[in-house]
Protein chains: 2
Amino acid sequence: MNNTETLDQPQRGELFAVACPSRQVLQNVTSRWGVLVLVALMSGTYRFSDLRRKIGGVSEKMLAQTLQALEADGFVLRTARPVVPPYVEYSLTHMGQEVAREVESLADWIEGNLYRIMAQRQARESELQAA
Amino acid sequence: MNNTETLDQPQRGELFAVACPSRQVLQNVTSRWGVLVLVALMSGTYRFSDLRRKIGGVSEKMLAQTLQALEADGFVLRTARPVVPPYVEYSLTHMGQEVAREVESLADWIEGNLYRIMAQRQARESELQAA
DNA sequence: CAGGATCCTAAACGATACTG
DNA sequence: CAGTATCGTTTAGGATCCTG
C-alpha cells in the first residue's frame, strides 16, 4: 500500500487522487447518519438515547459507530460521567461546529430545493432509482 | 419559473424524519463518487472517459450509476450525440451548479483542515476505524 | 443507560466481458 | 466510446442479546 510517502501539503484537486485522506473524512461527515448527527448536535448537547430518538431510524449500532468516527476525527466531544447508570453526553467540538455549518448549509439547500428536485425527477419519470 | 410557492415548504427538521425524501437526494449528492463528480464537473464539460480518468479509482459501473442518479435529480445534464463512435458529454445543470457549490465548499473545508483533523486522529490514536 | 459482541441481510462496490 | 450485464467480494447497516 504505502510506497513513496510524499508529505506534501494536500493541494486543491488532491481529492481526485485515489489515496486522498480527505475522502475518508468526507465519508464520515457525509455518511447517512454522519450528516444527521452533526446537524442534530448543532442545537446543543445530547445524551445517547436522546440523540437516537431525535434522529429517526438510526440503530444503536450505527449511532455508536457514527459517533465514534466523528469523535476520532475530532468533530464530536464525548463526555462520560462515571456514574451508575451511565451518563454520556455528546457535543460538537469547535472543529465540529465548523464542519457542521458546511453540512447544514448543504442539507438546507436540499431541503429548500426539494420541490424543484422532485419536479425534475417526476419530469423524467426516473425509472432507475425507483426500480 | 415556479410561481406557485403556495405548497407547504418542508421545514427545518424534516431531515430527521425517517421518510424524509431529502435523505435520498443527500445520499446521491454526498455519496463517495457523487461529491467527486459534482466537483469535477464544476470545471467544465466532460466526456465519460475523461471524467473517469479525472476521478481516480472510479469504476465504469459506479461512474455510470452515479451520473444517472445525479441526472435523475436534475443536477447533471447528459448530452448524447448520435454518432459512431458514441459521443456523450456531461455537464452541470443550473441546479447542479448550485449544489456543487455547496458540496465544494464542504470538500474545500475538509481539504483545508486535513492537518488539523489528522492531528486529532493521531492524538487519539484511533483504533476503531483502522481495525 | 450506554454501548460492546455477535450474527445476518442487503446494498455498495469492483472487475471483467460484452454490445450498439 | 459509452455504456450494460453479470458475477463475486466487501462493506454498510440492522436485530438481538449481553454487561458494567
Side-chain angles (χ1 to χ4, degrees), chain A residues 1 18-19 23-37 40-41 45-72 76-91 126-131, chain B residues 18-20 23-37 40-41 45-72 76-91 126-131:
Chain A
M1 296 301 172
V18 185
R23 287 194 182 179
Q24 183 55 58
V25 179
L26 200 58
Q27 265 313 102
N28 292 341
V29 164
T30 63
S31 71
R32 182 166 177 196
W33 305 116
V35 178
L36 301 179
V37 166
L41 288 180
T45 295
Y46 286 86
R47 298 184 59 180
F48 188 86
S49 294
D50 293 336
L51 209 45
R52 185 152 138 69
R53 262 183 297 275
K54 184 176 176 67
I55 301 173
V58 67
S59 68
E60 290 183 7
K61 179 185 170 182
M62 290 316 296
L63 182 55
Q65 198 170 296
T66 302
L67 284 169
Q68 283 170 11
L70 293 177
E71 190 194 359
V76 161
L77 178 67
R78 180 181 184 277
T79 314
R81 259 188 281 161
V83 295
V84 178
Y87 194 96
V88 183
E89 287 180 333
Y90 292 94
S91 58
S126 75
E127 64 286 336
L128 62 99
Q129 201 84 358
Chain B
V18 185
C20 182
R23 287 194 182 179
Q24 183 55 58
V25 179
L26 199 58
Q27 264 314 102
N28 293 341
V29 164
T30 63
S31 71
R32 182 167 177 193
W33 305 116
V35 178
L36 301 178
V37 166
L41 288 179
T45 295
Y46 286 86
R47 296 184 60 178
F48 188 85
S49 294
D50 294 336
L51 209 44
R52 183 152 140 68
R53 262 184 297 276
K54 184 174 176 66
I55 300 174
V58 67
S59 66
E60 291 182 8
K61 179 184 169 183
M62 290 316 297
L63 182 54
Q65 198 171 295
T66 302
L67 284 168
Q68 283 170 11
L70 293 177
E71 189 194 359
V76 162
L77 179 67
R78 180 182 185 275
T79 314
R81 259 187 282 162
V83 295
V84 177
Y87 194 96
V88 183
E89 287 180 332
Y90 292 94
S91 58
S126 75
E127 66 287 335
L128 60 100
Q129 202 83 357

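Chain naming here is simple, since letters A, B, ... match the order of the sequence lines and numbering starts at 1 in each. All values reported here derive from a predicted model rather than from experimental measurement.
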Is the shortest heavy-atom distance from the side chain of Leu41(A) to the side chain of Val76(A) under 4.5 Å?
yes
On the nucleotide dT4(D), are OP1 or OP2 found under 4.0 Å from the side-chain N or O atoms that Gln68(B) carries?
yes
With the side chain of Trp33(A) defined as its heavy atoms from C-beta on, choose the nearest nucleotide among dG3(D), dC1(D), dG14(D).
dG14(D)
When rounded to whole Å, the CG to C1' distance for the pair Asn28(A) and dA12(D) reads 13 Å
Mind running a 4.0 Å heavy-atom check of residues 46-61 of chain B against DNA chain D and sending the residues that fall below it, in number order?
Arg47(B), Phe48(B), Ser49(B), Glu60(B), Lys61(B)
Starting at CG of Leu67(B) and ending at C1' of dG3(D), how long is that distance when rounded to a whole Å?
11 Å
When rounded to the nearest 0.5 angstrom, what distance separates CZ in Arg32(B) from OG1 in Thr30(A)?
11.5 Å
Looking at Val88(A) and Ala80(A), what are the two nearest heavy atoms and their distance?
CG2-CB, 4.0 Å
Grab the CZ-C1' distance between Arg32(B) and dA12(D) for me, whole Å please.
13 Å
Between Arg23(B) and Val35(A), is any pair of side-chain heavy atoms under 4.5 Å apart?
no
Whole angstrom is fine here: how far is it from CZ in Arg23(B) over to P in dA11(C)?
16 Å
Interatomic distance, CG@Leu63(A) vs CZ@Phe48(A), rounded to 0.5 Å, equals 4.0 Å
Per the end-axis method with five pairs at each terminus, what is the bend angle of the helix from dC1(C)-dG20(D) to dG20(C)-dC1(D), to 10°?
50°
Any chance you could measure Arg78(A), atom CZ, to Ser91(A), atom OG, to the nearest 0.5 Å?
12.0 Å
Rounded to whole angstroms, how far apart are CD on Gln27(A) and P on dT11(D)?
13 Å
Rounded to the Å, how far apart are Met62(A) CE and dT9(C) P?
18 Å
What integer distance in Å separates Gln65(B):CD from dA15(C):P?
14 Å
Starting at CG of Leu63(A) and ending at P of dG4(C), how long is that distance when rounded to a whole Å?
11 Å
With a 4.0 Å limit, can you tell me whether Tyr87(A) has a side-chain N or O closer than that to the phosphate oxygens OP1/OP2 of dG20(D)?
no
Decide yes or no on side chain to side chain contact (heavy atoms under 4.5 Å, CB included) for Val58(B) and Thr66(B), but give the supporting numbers first.
CA-CA 10 Å; Val58(B) 67; Thr66(B) 302; 5.8 Å; no
Classify Arg81(B) by what it touches in the nucleic acid, base, sugar-phosphate, or nothing, heavy-atom distance under 4.0 Å.
nothing
Residue pair Val18(B) / Gly56(A): nearest heavy atoms and the distance that separates them:
CG2-C, 3.6 Å
List the atom of Ser31(A), the atom of Gln27(B), and the distance in Å for their closest heavy-atom pair.
C-OE1, 4.1 Å
